[in-house]
Novice: 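The structure that follows is given in the form of structure tokens.
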Amino acid sequence: MRTFLLVLFSCSLLGCTDADSAGDADLSNASPASTDTLPAPRRPLTDSLAGLPVYTYLTGKFDPRENASFVRVADAYTDGDPYLLHEDTYAAFRDMHVAALEDGVRLRIISATRNFDRQKQIWEAKWNGQRLLEGTEKANDVYPDAADRALAILRYSSMPGTSRHHWGTDLDLNALNNSYFDEGEGKKIYDWLTNHAADYGFCQPYTPKGDDRPNGYEEERWHWSYLPLATQLTDFAAERLQDADISGFAGAEAAPRIEVVKNYVLGVNPRCKE
């Protein structure tokens with residue numbers, strides 16, 4: 001019953017389809033999604049993507065369940081929740097998954113596409129103190145100033161309209177804990193990804209902060225982005241997205257004060273902008 005309720009709840013947020021229902025199939029002998037494992041070339045900047053204005057797509061203000069470019073990820077690749085990805089991202093991930101299995105590494109998707117409405121639910125629950133920050137703080141009590149509160153939430157959660165997870169290009173793998181990847185199976189997974197993910201078009205956008213990446217979210221070893229699509233959207237954000245465009249949720253007034261586009265949307269690993 002618990003499993004059924006979890007699936008039902010996930011479906012209510014993201015939607016379930018019958019597409020690609022591989023279920024619990026054995027993937028040990030799976031074939032790649034394509035014979036060419038090289039990532040697709042970077043696309044030129046255009047005004048539309050997946051049949052939507054690029055601004056609409058970039059800010060996640062659409063329902064991926066109703067967009068033909070988004071497909072349901074087979075259960076055998078996930079933790080059991082009904083995730084969606086852009087079809088190009090999914091094809092590249094499947095190729096990468098096969099290659100990783102051949103090296104004894106199993107990649108498991110634990111989060112994928114989240115549109116504006118879903119991100120708004122997550123953000124506002126933290127903003128209003130209904131969901132504790134990193135399990136310890138009620139943001140509305142600890143951070144009365146809007147900018148301070150936004151920065152605290154932004155350590156690991158995106159403002160609605162600014163998340164790479166809106167795009168269908170980004171996925172979280174295996175564990176949402178950096179320390180998991182320090183040793184044992186987690187280290188084996190992370191080492192494989194750092195050595196091979198780029199061969200399939202994937203990049204880790206949130207590396208440790210330093211001279212190359214002074215701003216933005218904290219390190220996320222689990223978060224990987226499919227660049228042939230994501231770089232187009234990053235370019236669009238750099239050219240056309242303004243802080244004042246980020247609106248429609250509690251705390252949006254903080255966006256210009258913290259320069260959310262410059263510091264967070266564009267505050268990624270420089271290699272993920274190439």
Side-chain angles (χ1 to χ4, degrees), residues 13 55 57-61 110-173 175-179 181 203-225 230 233-234 236-238 240-273:
L13 296 177
Y55 173 79
Y57 191 108
L58 176 71
T59 54
K61 294 182 178 180
I110 58 174
S111 188
T113 305
R114 297 193 296 269
N115 69 359
F116 179 93
D117 290 340
R118 178 60 184 128
Q119 196 67 32
K120 179 179 178 179
Q121 291 175 346
I122 295 170
W123 176 271
E124 290 189 342
K126 292 186 175 183
W127 184 267
N128 296 323
Q130 298 163 330
R131 183 172 175 177
L132 297 180
L133 299 187
E134 299 163 44
T136 61
E137 297 178 337
K138 292 185 71 172
N140 57 327
D141 288 341
V142 180
Y143 305 101
D145 178 75
D148 291 342
R149 194 185 315 181
L151 289 171
I153 298 172
L154 282 162
R155 287 197 291 262
Y156 290 104
S157 294
S158 299
M159 276 188 172
T162 71
S163 175
R164 295 175 75 92
H165 278 288
H166 293 333
W167 307 347
T169 60
D170 286 49
L171 41 83
D172 297 336
L173 296 174
L176 299 175
N177 186 330
N178 285 321
S179 63
F181 299 99
C203 179
Q204 181 188 344
Y206 306 126
T207 46
K209 289 184 181 178
D211 292 339
D212 288 342
R213 196 178 81 85
N215 303 309
Y217 305 99
E218 299 302 320
E219 180 184 14
E220 295 184 356
R221 297 182 184 181
W222 58 83
H223 186 147
W224 295 81
S225 182
L233 291 154
T234 305
F236 185 97
R240 307 182 200 176
L241 189 64
Q242 303 294 318
D243 292 327
D245 296 331
I246 308 305
S247 61
F249 57 92
E253 68 275 12
R257 291 178 59 190
I258 64 175
E259 297 184 285
V260 70
V261 174
K262 172 186 173 182
N263 292 323
Y264 289 88
V265 178
L266 304 178
V268 299
N269 177 0
R271 293 184 179 181
C272 298
K273 297 180 183 180

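From a predicted model like this one, the values you see are computed outputs, not experimental measurements.
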Novice: Grab the two heavy atoms, one from Leu173 and one from Phe181, that are nearest each other, plus how far apart they are.
Specialist: O-CZ, 3.5 Å

Novice: Compare every heavy atom of Ser158 with every heavy atom of Gln119, then report the nearest pair and how far apart it is.
Specialist: NE2-O, 3.1 Å

Novice: Evaluate Leu133 against Tyr143 for side chain to side chain contact (heavy atoms under 4.5 Å, CB included), listing each step before the verdict.
Specialist: CA-CA 11 Å; Leu133 299 187; Tyr143 305 101; 4.1 Å; yes

Novice: Taking atom NZ of Lys61 as the centre, does the number of heavy atoms from other residues, nucleotides or ligands within less than 6.0 Å exceed 12?
Specialist: yes

Novice: Could you please spell out the steps behind the side chain to side chain contact (heavy atoms under 4.5 Å, CB included) verdict for Met159 and Ile153?
Specialist: CA-CA 9 Å; Met159 276 188 172; Ile153 298 172; over 6 Å; no

Novice: Between Glu219 and Lys209, does any NZ, NE, NH1 or NH2 come within less than 4.0 Å of an OD or OE carboxylate oxygen?
Specialist: no

Novice: Considering non-hydrogen atoms only, spot the tightest contact between Ser179 and Asn177 and give its length.
Specialist: OG-OD1, 2.6 Å

Novice: Heavy atoms only: give me the nearest Ile122-Ser157 pair and the separation to one decimal.
Specialist: CG2-OG, 4.4 Å

Novice: What's the shortest heavy-atom distance between Gly60 and Asn115, and which atoms?
Specialist: O-CB, 3.4 Å

Novice: Before you tell me yes or no, could you show the steps for Ile258 and Asn263 under side chain to side chain contact (heavy atoms under 4.5 Å, CB included), namely the whole-Å CA-CA distance, both residues' side-chain angles and the distance that decides it to 0.1 Å?
Specialist: CA-CA 8 Å; Ile258 64 175; Asn263 292 323; 5.6 Å; no

Novice: Which residue in the set Arg131, Arg155, Arg149 passes salt bridge (charged side-chain N to carboxylate O under 4.0 Å, His left out) when paired with Glu137?
Specialist: Arg155

Novice: Students often mix this up, so state it plainly: with edges at 30° and 60°, are the rings of Phe116 and His166 parallel, tilted or perpendicular?
Specialist: tilted

Novice: At their closest point, which heavy atom of Val268 faces which heavy atom of Arg213, and how far apart are they?
Specialist: C-CD, 3.4 Å

Novice: Tell me if the centroids of the rings in Tyr264 and Tyr217 come within less than 6.0 Å of each other.
Specialist: yes

Novice: Specify whether His223 and His165 have parallel, tilted or perpendicular ring planes, treating 30° as the upper limit for parallel and 60° as the lower limit for perpendicular.
Specialist: tilted

